[in-house]
Student: 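This is the structure, below, for whatever I ask next.
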Amino acid sequence: MKITPSLLAYTDWLKFDGLLRVLDKCSINGLHVDIMDGHFVPNLAFGPDLVRSIAMHTSYPLDLHLMINCLDILLDHYLRINPRIIIFHPEACTNVIPYIENIKKTNIQVGFAIHPDYPIEETKPFWHIVDRLLIMTVYPGFSGQAMLAQNLEKVMYAKSQNYKGECWVDGGVTFERFEELKKYGVDGVVMGNSFFSTLLECTIRI
Ligand code: DX5
Ligand code: ZN
């Protein structure tokens, strides 16, 4: 199972440099950065300057999860940071195609985040150009929520309909759930609260 910790769940910002050094020793697949504008979701997190700084101080690829309405204004800033993938919510824009094309022409992968209330069927016409589906198992905005496990059916749906990209799950994932997630065919997980509680228990000092 591929694991990317969600940095949103780590709040001791003055020790962030130490955290990045500890993460460098972990077997993780990348870092998940939740970007929030206070409008699309009721929380604020990670502007472009902070994300650029994180990119400079880690060897891991960055997966940017945009929970913002203002894609027009901000997308270019995040493209210039050269993350591995930019994941956005299709309902955040009226036409997803220009954004997908804009991301793809820079050789950055593109992903769709599927809100718990968003019907995954509506994303099907774009599956051939979308590298990853990020199935949200919490309402976006905060880490530390309990998983809404009924959304895992969306992974099964995408796999059964022959979606060729990867299906990841974001929200309330715990290590105890890994076997269950594998049965659904999940390729990777985002882990916030559960990852950092375990890491902090295992690590001498960050
Ligand atoms: C929620 C974010 C998630 C969240 C995951 O809006 O997209 O990435 O930080 O954190 P946990 O694992 O604590 O739910
Ligand atoms: Zn996320």
Side-chain angles (χ1 to χ4, degrees), residues 1-13 16 19 23 26 28-48 50-51 54-55 58 60-71 74-75 78 81 83-92 103 108-118 120 123 130-152 154-155 166-178 180-181 184 186-201:
M1 182 75 73
K2 295 176 184 169
I3 302 175
T4 56
S6 163
L7 299 182
L8 182 70
Y10 186 81
T11 49
D12 199 350
W13 284 99
F16 202 72
L19 173 75
L23 289 176
C26 298
I28 53 175
N29 181 266
L31 298 178
H32 180 93
V33 190
D34 289 302
I35 292 155
M36 304 179 177
D37 65 357
H39 296 279
F40 187 78
V41 286
N43 196 359
L44 277 170
F46 295 103
L50 186 50
V51 178
I54 293 167
T58 181
Y60 287 114
L62 299 185
D63 295 352
L64 305 188
H65 177 187
L66 304 188
M67 285 162 273
I68 60 175
N69 284 330
C70 40
L71 276 167
L74 287 173
L75 183 59
Y78 292 110
I81 298 167
R84 167 170 60 184
I85 186 166
I86 292 192
I87 301 162
F88 67 96
H89 288 251
E91 69 272 32
I103 298 169
I108 293 167
Q109 295 175 44
V110 66
F112 274 174
I114 315 294
H115 186 283
D117 294 337
Y118 194 82
I120 189 168
T123 63
V130 169
D131 302 288
R132 191 187 299 178
L133 297 176
L134 182 70
I135 310 299
M136 296 223 57
T137 42
V138 293
Y139 283 89
F142 299 91
S143 76
Q145 304 178 71
M147 178 187 272
L148 303 168
Q150 65 273 24
N151 290 284
L152 296 173
K154 293 176 181 172
V155 178
E166 294 196 343
C167 292
W168 287 52
V169 169
D170 184 7
V173 175
T174 57
F175 290 104
E176 292 73 32
R177 285 211 182 253
F178 272 25
E180 178 192 4
L181 296 178
Y184 278 94
V186 172
D187 298 294
V189 291
V190 177
M191 293 180 86
N193 198 44
S194 164
F195 181 89
F196 286 109
S197 345
T198 310
L199 184 74
L200 294 174
E201 271 169 31

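In listed order, ligands and their atoms are each counted from 1.
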Student: Sort by chain and number the protein N/O/S atoms that are closer than 2.8 Å to the Zn ion (ligand 2), and list them.
Tutor: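 Short answer, with waters excluded from the count: H32 NE2, D34 OD1, H65 ND1, D170 OD2.
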Student: Please work out which of the three classes, parallel, tilted or perpendicular, describes the rings of Y10 and F16, given edges at 30° and 60°.
Tutor: tilted
Student: Using 30° and 60° as the class boundaries, would you call the ring planes of F195 and F175 parallel, tilted or perpendicular?
Tutor: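 Taking F175 first and then F195, their aromatic rings sit tilted (interplane angle of 30° to 60°).
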Student: Side-chain contact test, heavy atoms from C-beta onward, threshold under 4.5 Å: evaluate it for I108 versus P83 and give yes or no.
Tutor: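 Of all side-chain heavy-atom pairs linking P83 with I108, at least one is under 4.5 Å.
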Student: Hey, is the main chain of M136 close enough, under 3.5 Å, to the side chain of K154 for a donor-acceptor pair?
Tutor: no
Student: Testing the basics here: between V130 and G111, what is the closest heavy-atom pair and its distance to 0.1 Å?
Tutor: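 Result for this residue pair: CG1-CA, 4.1 Å.
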Student: Looking at side-chain heavy atoms only, is the closest gap between F196 and L7 below 4.5 Å?
Tutor: yes
Student: Sequence neighbours excluded, which residues qualify as side-chain contact (heavy atoms from CB on, under 4.5 Å) partners of E166?
Tutor: K2, R132, W168, D187
Student: Got the residues with a heavy atom under 4.0 Å of ligand 1, by chain and number?
Tutor: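 S6, L8, H32, D34, M36, H65, M67, M136, P140, G141, F142, S143, G144, D170, G171, G172, V190, M191, G192, N193.
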Student: Could you check whether H65 and D63, counting side-chain N and O atoms only, form a donor-acceptor pair closer than 3.5 Å?
Tutor: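 Per modelled atom types, D63 and H65 side chains form no pair under 3.5 Å.
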Student: Among all residues two or more places apart in sequence or in another chain, which pass the ring pair (Phe, Tyr, Trp, His ring centres under 6.0 Å) test with Y184?
Tutor: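 By the ring pair (Phe, Tyr, Trp, His ring centres under 6.0 Å) rule, Y184 matches no residue at all.
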